[in-house]
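To start, the structure under review is shown below, and the notes come after it.
Proteins come first, then strands; the chains are lettered A, B, ... in the order of their sequence lines, and each starts at number 1. What you are looking at is a predicted structure, and each value in this text was computed from that prediction instead of being measured.
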There are 2 protein chains.
Amino acid sequence: MNLKELAAHLGLSQTTVSRALNGYPEVSEATRTRVREAAERLEYRPNAAARRLATGRTGTVAIIFPSERSLLLDPHFLDFLAGVAEKLADDDVELTLRATRRNDELETYRRLVRNRRVDGFIVSSPLIEDERVRLLSDLDVPFVLHGRTDTQAPYAYLDIDNEGAFRRATELLVDLGHRRIGLLNGKRELNFARDREAGYLAALAAHGIAPDPGLIVNAAMTEEIGYRNASALLARPQRPTALLAASVLLAFGAYRAARDLGLVIGKDVSVIAHDDGLPFLKAETLDPPLATTVSPIRAGGYRLAELLLARINGNPPEDLREVAPVDLVFRASIGRMLT
Amino acid sequence: MNLKELAAHLGLSQTTVSRALNGYPEVSEATRTRVREAAERLEYRPNAAARRLATGRTGTVAIIFPSERSLLLDPHFLDFLAGVAEKLADDDVELTLRATRRNDELETYRRLVRNRRVDGFIVSSPLIEDERVRLLSDLDVPFVLHGRTDTQAPYAYLDIDNEGAFRRATELLVDLGHRRIGLLNGKRELNFARDREAGYLAALAAHGIAPDPGLIVNAAMTEEIGYRNASALLARPQRPTALLAASVLLAFGAYRAARDLGLVIGKDVSVIAHDDGLPFLKAETLDPPLATTVSPIRAGGYRLAELLLARINGNPPEDLREVAPVDLVFRASIGRMLT
DNA sequence: TTGTAAGCGTTATCAG
DNA sequence: CTGATAACGCTTACAA
């Protein structure tokens with residue numbers, strides 16, 4: 001059942017039927033409902049390829065992920081993806097996922113744009129300086145950044161308040177009497193890691209505590225690395241009394257490190273982490289329950305997709321910028337500093 | 001630069017240029033190379049939408065994932081996806097990801113087929129009885145299953161030797177003197193879980209050991225659930241001396257449970273698990289290193305995509321069936337049963 | 001308010 | 001071996 005047949009069936013022209021279905025104003029209400037009902041009854045579905053060819057719009061958005069960059073292969077990305085996919089499915093927009101080798105990344109964006117394969121992009125894990133943002137701005141193609149960047153361009157974004165989250169978490173620890181606080185952070189080039197460090201430093205400064213660079217670690221966010229780096233920090237002669245981790249997985253490694261050293265979490269060493277709300281690794285079920293700053297990454301994906309669709313529909317990037325607040329949840333993994 | 005322009009530029013007809021580029025045999029070698037070079041030089045890229053419209057083929061494959069089925073939100077799925085995406089990118093085939101609510105799942109497949117949106121599907125995590133397989137067979141649309149199923153249909157698949165893997169792992173434990181072996185398995189309705197249990201039971205039977213149903217647990221494969229179920233098993237009056245886990249994450253939980261009970265892993269209790277080769281949770285870096293059966297799921301994704309492309313190109317499902325062997329890696333988490 | 005007809009950029013058919 | 005020409009199914013000026 002295509003447009004031609006449907007039109008013939010109704011004794012109307014293709015034009016009118018097309019207009020009726022696509023909500024053009026010049027169609028009379030009577031014919032519109034008549035057309036709608038027939039389309040429904042006959043299960044008419046417009047051919048996507050034909051529409052693409054005629055309009056130049058693809059009804060598709062893309063996420064490009066460098067298959068070698070381990071960063072995007074962490075579990076957060078999947079949950080984020082699920083959120084994005086949910087929103088796009090709601091609007092019947094296609095989501096295409098494209099792997100790319102490291103050095104071809106920008107070229108992959110360029111090609112997809114040049115070949116008119118997509119209407120827009122979702123760009124995740126922005127770097128402090130991010131070439132992708134510059135490129136997509138230059139190409140003048142709709143995109144939304146999951147996070148922010150220093151790269152100058154009028155881009156739309158959805159970020160969480162990383163700086164505020166880590167400022168509050170650090171302040172909480174300071175209020176509990178902690179002075180030597182280790183920071184297990186993500187990789188240095190990532191914008192969110194920089195923001196989190198800034199929050200941490202701001203809180204220390206506000207309380208007149210001199211930061212110790214030796215207490216700050218930047219690395220990938222895996223359990224193993226959390227274990228290794230927490231072990232190193234806790235083995236220092238003046239060991240930190242609290243650890244602030246950029247992910248639950250890192251904190252999980254820190255738990256293991258503390259246990260190895262015979263330290264009781266929440267007593268000998270306090271641990272707090274940022275929680276992206278992963279379904280299969282819950283902070284509240286760890287032992288002891290892990291205090292966290294929390295902002296579900298999946299909901300972020302959903303919202304981000306909404307912003308992208310708005311961007312594609314012509315809204316200017318300036319109107320599509322959001323910073324989601326972050327909650328702080330107190331749990332048994334943090335305690336008052338013993339003197 | 002489109003076909004018309006390219007043809008004009010070369011002084012040839014569109015037909016000839018199209019044929020030359022698409023490898024039709026009736027074109028002379030001379031013109032073919034001439035056309036190829038010009039296309040390369042002028043950066044001609046065929047318009048995907050136009051091609052779709054003309055051929056009816058979409059150059060797209062889909063993976064549908066029920067966003068509420070926690071199963072597909074585990075980290076294995078992402079790694080699998082990465083493998084699939086790599087192969088498809090190599091062949092410039094689009095991968096579209098579609099979320100669906102639980103009860104709409106079959107309808108989503110149906111719609112995508114009816115609307116000619118995709119050339120084929122990748123179906124993961126098959127159930128012992130799987131309606132998706134029956135539906136796609138009935139619709140006569142190319143698809144490849146990641147795993148197998150009891151559902152009768154001539155489907156293509158890539159599976160790993162789950163039965164063999166768990167038979168060997170169990171036998172290894174038996175050879176080390178273990179008689180009470182707990183099985184932390186995936187959900188009961190999953191085909192791979194059934195196969196793994198079959199391997200476990202076969203090994204016990206081969207050694208004349210009566211299986212204890214109380215030692216077999218079916219549940220989701222998270223750390224927390226591994227912890228909980230391992231705790232329960234190890235708290236039994238006649239506690240198992242070894243645990244066989246369906247994933248590293250489950251084993252990780254089991255490690256935690258054992259530690260809680262003051263049991264030394266590899267001595268008081270042996271643990272072995274299946275390892276899908278996740279990049280951020282490595283069996284060899286656990287403490288103690290975790291013995292595993294291993295079959296990288298990412299490579300599986302890559303291979304599966306190859307099979308799907310072959311299926312789309314007309315190969316019959318019977319020729320596209322593979323069972324990948326599984327390696328067994330001995331590490332310190334298993335030891336001889338102390339008497 | 002509705003219709004006619006010309007695209008959109010390919011591939012497929014048929015003829016030469 | 002090459003070329004006209006007609007699809008493919010939709011949208012969109014332009015006309016009525």
Atom [atom1] of [X] and atom [atom2] of [N]: how far apart are they, to the nearest Å?
X: B:L21; N: C:dG9; atom1: CG; atom2: C1'; value: 13 Å
X: B:L53; N: C:dA12; atom1: CG; atom2: P; value: 12 Å
X: A:K4; N: C:dG3; atom1: NZ; atom2: C1'; value: 15 Å
X: B:L3; N: C:dT11; atom1: CG; atom2: C1'; value: 9 Å
X: B:R51; N: C:dA12; atom1: CZ; atom2: C1'; value: 14 Å
X: A:Y44; N: D:dG9; atom1: OH; atom2: C1'; value: 8 Å
X: B:E26; N: C:dC14; atom1: CD; atom2: P; value: 14 Å
X: B:R117; N: D:dC10; atom1: CZ; atom2: P; value: 13 Å

So, does A:T16 get its side chain near the phosphate of C:dT2, meaning an N or O under 4.0 Å from OP1 or OP2? no
Does a nitrogen or oxygen in the side chain of B:N2 sit under 4.0 Å from OP1 or OP2 of C:dC8?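 Answer no for this pair, as no side-chain N or O of B:N2 is under 4.0 Å from OP1 or OP2.
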Considering only nitrogen or oxygen atoms on both sides, find all protein atoms under 3.5 Å from nucleotides 12-16 of chain D and state each distance.
residue, atom, partner, partner atom, Å
D:dT12, OP2, A:Y24, OH, 2.4
D:dT12, O4, A:T15, OG1, 3.2

Please say whether more than 12 non-hydrogen atoms of neighbouring residues, nucleotides or ligands are located less than 6.0 Å from CG in A:D91.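 Yes.
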For atom CD of A:E318, decide whether the heavy atoms of other residues, nucleotides or ligands shown that lie under 6.0 angstrom number more than 12.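 Enclosed: over 12 neighbouring heavy atoms sit under 6.0 Å from CD of A:E318.
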Between A:D104 and A:R110, is there a salt bridge with N-O shorter than 4.0 Å?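 The answer is no: the pair does not qualify as a salt bridge.
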I'd like to know if the side chain of [X] and the backbone of [Y] have a donor-acceptor N/O pair within less than 3.5 Å.
X: B:T149; Y: B:I128; result: yes
X: B:R298; Y: B:L78; result: no
X: A:R321; Y: A:Y157; result: no

Please work out whether the ring planes of B:F80 and B:H146 are parallel, tilted or perpendicular, with thresholds of 30° and 60°.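 B:F80 and B:H146: parallel rings.
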More 5' along DNA chain D: B:R116 or B:L12, using each one's nearest nucleotide?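 Result of the comparison: B:L12.
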Pick the nucleotide of DNA chain D nearest each of B:A50 and B:S13; which residue has the one closer to the 5' end? B:S13
